[in-house]
Amino acid sequence: MTRRTPLGILAVIGAAVLLPVTLTGPAHADNHQPAPGQESGTRIVLGKPQKIHNLNRQDVSRDPGLRAVDCGVNTTNHDRLSSCSNWRIPVRFLTNGRPSGSATLYSKATAKLDPRNRYEWTQKVALRLTNPSRPEAWAVSGTIELATSHATATPVGAATQVLFPYTTHTFTFRMSSPGRDLVSDSVVPYGRFKAPGFDDGSAYLGDVFRPRCDNTRRITDARYGGCVYPDVPAIWQLDVTDPEVDAVAWHVDWAQRHLKHPWGVPKAGWNLHRTFNQTLQRDNRRTACGRDVPRPPGRPDLTCDEFPFAQTYEGASRNSDYSCHFLDRDDNSKEGSLRKAFLNGMRTLENDAFQVQVINKPSATAVAPPALRGPVGCGSD
């Protein structure tokens with residue numbers, strides 16, 4: 001249905017279009033406090049958003065560049081590389097302290113971080129004003145910023161727009177995290193609103209999200225670094241139908257179902273934590289696959305695989321709840337290389353949590369359980 005603008009409102013809209021438009025520079029979170037919404041004077045008051053529901057965080061699997069999280073009205077969501085909050089904000093117009101009109105503002109703020117470049121990523125705030133009940137409500141203008149604690153946010157296009165009702169107005173920002181230090185940031189959308197004859201109103205327009213940016217060597221190109229949301233673990237997927245890693249996938253599946261704890265299983269509460277400590281990795285391998293572990297005779301094509309992985313703090317030297325299995329040498333080597341590249345791409349740093357998911361299993365059963373060696377499983381294909 002086409003919504004028609006009442007003729008009596010055109011003059012008000014015309015005046016609003018002539019409002020001065022000012023491009024704002026980078027905003028910082030500590031410098032912003034929304035107007036508290038005084039119940040006096042002639043002003044715009046933006047109320048609290050309706051109750052916001054936090055969706056389950058989405059884990060990033062093998063192809064993180066293919067999608068970004070989405071969120072419906074009154075929800076918020078984020079994964080390791082993207083975020084979304086969608087608020088419904090009541091707007092009131094006060095005249096001499098008394099309600100004299102209203103509208104509803106929908107604000108959807110999204111971000112897609114770049115794990116390979118901390119100096120440029122994009123964030124957007126999409127605003128849609130509905131249900132205006134008085135002429136001035138048809139002529140509201142908004143100036144939008146992103147308040148941060150470290151990053152710079154530069155508007156791409158106009159930072160001030162007239163919010164013609166029932167039309168989506170998108171504000172785009174080019175983000176950058178300056179320097180080379182590891183920093184934990186906070187980013188939140190913030191707006192100031194005008195209407196003819198009313199004092200300004202202001203409000204936060206979405207949830208605070210906290211990216212971490214770094215230039216850690218040996219992760220990705222240290223010249224550019226990258227950013228992630230570190231509170232969401234990356235999830236490494238192992239496909240039992242992939243001939244390059246299927247032997248490792250079946251071993252991990254068996255271990256996750258038969259050890260005392262389901263190490264790495266998403267949402268199970270037993271995350272793995274990455275380590276680059278070469279001494280710890282060597283100790284983990286010696287404990288799980290040392291010289292005292294019998295080798296399958298006549299099978300030089302097999303190598304010992306351990307789970308939890310040797311490159312984790314949950315490895316065998318620190319954790320007796322582990323499994324070892326002799327499997328295809330090429331599969332073992334390939335899986336290690338692919339996992340390293342994936343975790344680097346997800347900026348999984350020292351002691352960062354990650355998860356492991358075995359996919360495409362034809363049934364609930366895995367390979368036959370390896371022969372037991374004390375409290376661990378150590379068998380061979």
Side-chain angles (χ1 to χ4, degrees), residues 61-62 218 235-266 268 270-344 348 354-381:
S61 57
R62 227 173 195 174
R218 298 182 300 165
I235 179 169
W236 169 235
Q237 290 184 335
L238 286 170
D239 188 343
V240 299
T241 67
D242 183 347
E244 290 190 314
V245 298
D246 57 337
V248 177
W250 281 119
H251 175 215
V252 171
D253 174 71
W254 182 91
Q256 288 181 331
R257 292 188 298 108
H258 288 83
L259 296 178
K260 294 178 181 178
H261 304 298
W263 297 107
V265 173
W270 297 94
N271 289 340
L272 301 178
H273 295 82
R274 191 180 192 186
T275 181
F276 294 90
N277 186 311
Q278 296 293 314
T279 299
L280 178 56
Q281 293 181 21
R282 183 169 58 251
D283 290 345
N284 287 339
R285 291 191 180 95
R286 285 175 175 173
T287 301
C289 299
R291 294 181 179 178
D292 61 325
V293 178
R295 267 54 180 169
R299 295 297 306 272
D301 58 318
L302 303 183
T303 57
C304 184
D305 179 51
E306 68 284 320
F307 188 80
F309 304 119
Q311 300 87 358
T312 68
Y313 279 96
E314 292 72 27
S317 70
R318 297 163 55 102
N319 169 30
S320 62
D321 186 32
Y322 69 90
S323 172
C324 61
H325 193 72
F326 284 87
L327 46 79
D328 183 84
R329 178 189 301 274
D330 292 338
D331 278 31
N332 205 353
S333 175
K334 185 67 173 180
E335 189 277 333
S337 298
L338 291 174
R339 171 164 37 89
K340 177 181 179 180
F342 170 77
L343 293 178
N344 285 351
T348 306
F354 71 97
Q355 300 170 344
V356 184
Q357 183 181 37
V358 180
I359 61 173
N360 291 330
K361 293 185 292 183
S363 68
T365 59
V367 294
L372 293 179
R373 173 180 174 269
V376 301
C378 200
S380 64
D381 286 346

Closest non-hydrogen atom pair, [X] against [Y]:
X	Y	result
T275	N277	OG1-N, 3.0 Å
N332	V248	CA-CG2, 3.9 Å
D321	P308	O-CD, 3.8 Å
S323	H251	OG-NE2, 2.9 Å
R285	E306	CG-OE1, 4.3 Å

Assess the residue pair N284 and Y322 against the criterion (side chain to side chain contact (heavy atoms under 4.5 Å, CB included)); give the C-alpha distance rounded to whole Å, side-chain angles, the decisive distance to 0.1 Å, and a yes or no. CA-CA 10 Å; N284 287 339; Y322 69 90; over 6 Å; no
Does W236 form a side-chain hydrogen bond (donor to acceptor under 3.5 Å, both in side chains) with E335? I'd like the steps, not just the answer. CA-CA 11 Å; W236 169 235; E335 189 277 333; 2.9 Å; yes
When you measure from the centre of the six-membered ring of F326, is the NZ or CZ of R299 closer than 6.0 Å and no more than 45° off the axis? no
For the [atom1] atom of [X] and the [atom2] atom of [Y], what is their distance to the nearest 0.5 Å?
X	Y	atom1	atom2	result
W250	L327	CH2	CG	13.5 Å
R339	R274	CZ	CZ	8.5 Å
Q357	D239	CD	CG	10.5 Å
D301	R329	CG	CZ	7.5 Å
L338	L238	CG	CG	9.0 Å
I359	I235	CD1	CD1	9.0 Å

Can you find a heavy atom in the side chain of [X] that is under 4.5 Å from one in the side chain of [Y]?
X	Y	result
Q256	F307	yes
W263	T312	no
W254	H325	no

Could you walk me through whether T279 and R282 pass side chain to side chain contact (heavy atoms under 4.5 Å, CB included), step by step? CA-CA 5 Å; T279 299; R282 183 169 58 251; 3.6 Å; yes
Between the side chain of Q311 and the main-chain N/O of Q281, is any donor-acceptor distance below 3.5 Å? no
I'd like to know if the side chain of D331 reaches the main chain of A247, judged simply by a donor and an acceptor atom lying under 3.5 Å from each other, with no hydrogens or angles considered. yes
C289-C304 sulfur separation below 2.5 Å? yes
Stepwise side chain to side chain contact (heavy atoms under 4.5 Å, CB included) check, D253 with V240: CA-CA 9 Å; D253 174 71; V240 299; 5.6 Å; no
Using the side chain to side chain contact (heavy atoms under 4.5 Å, CB included) rule, take L280 and R318 through it: C-alpha gap first, then chi angles, then the decisive distance, then the call. CA-CA 9 Å; L280 178 56; R318 297 163 55 102; 3.4 Å; yes
May I ask you to decide if the ring planes of F354 and F309 are parallel, tilted or perpendicular, using 30° and 60° as cut-offs? parallel
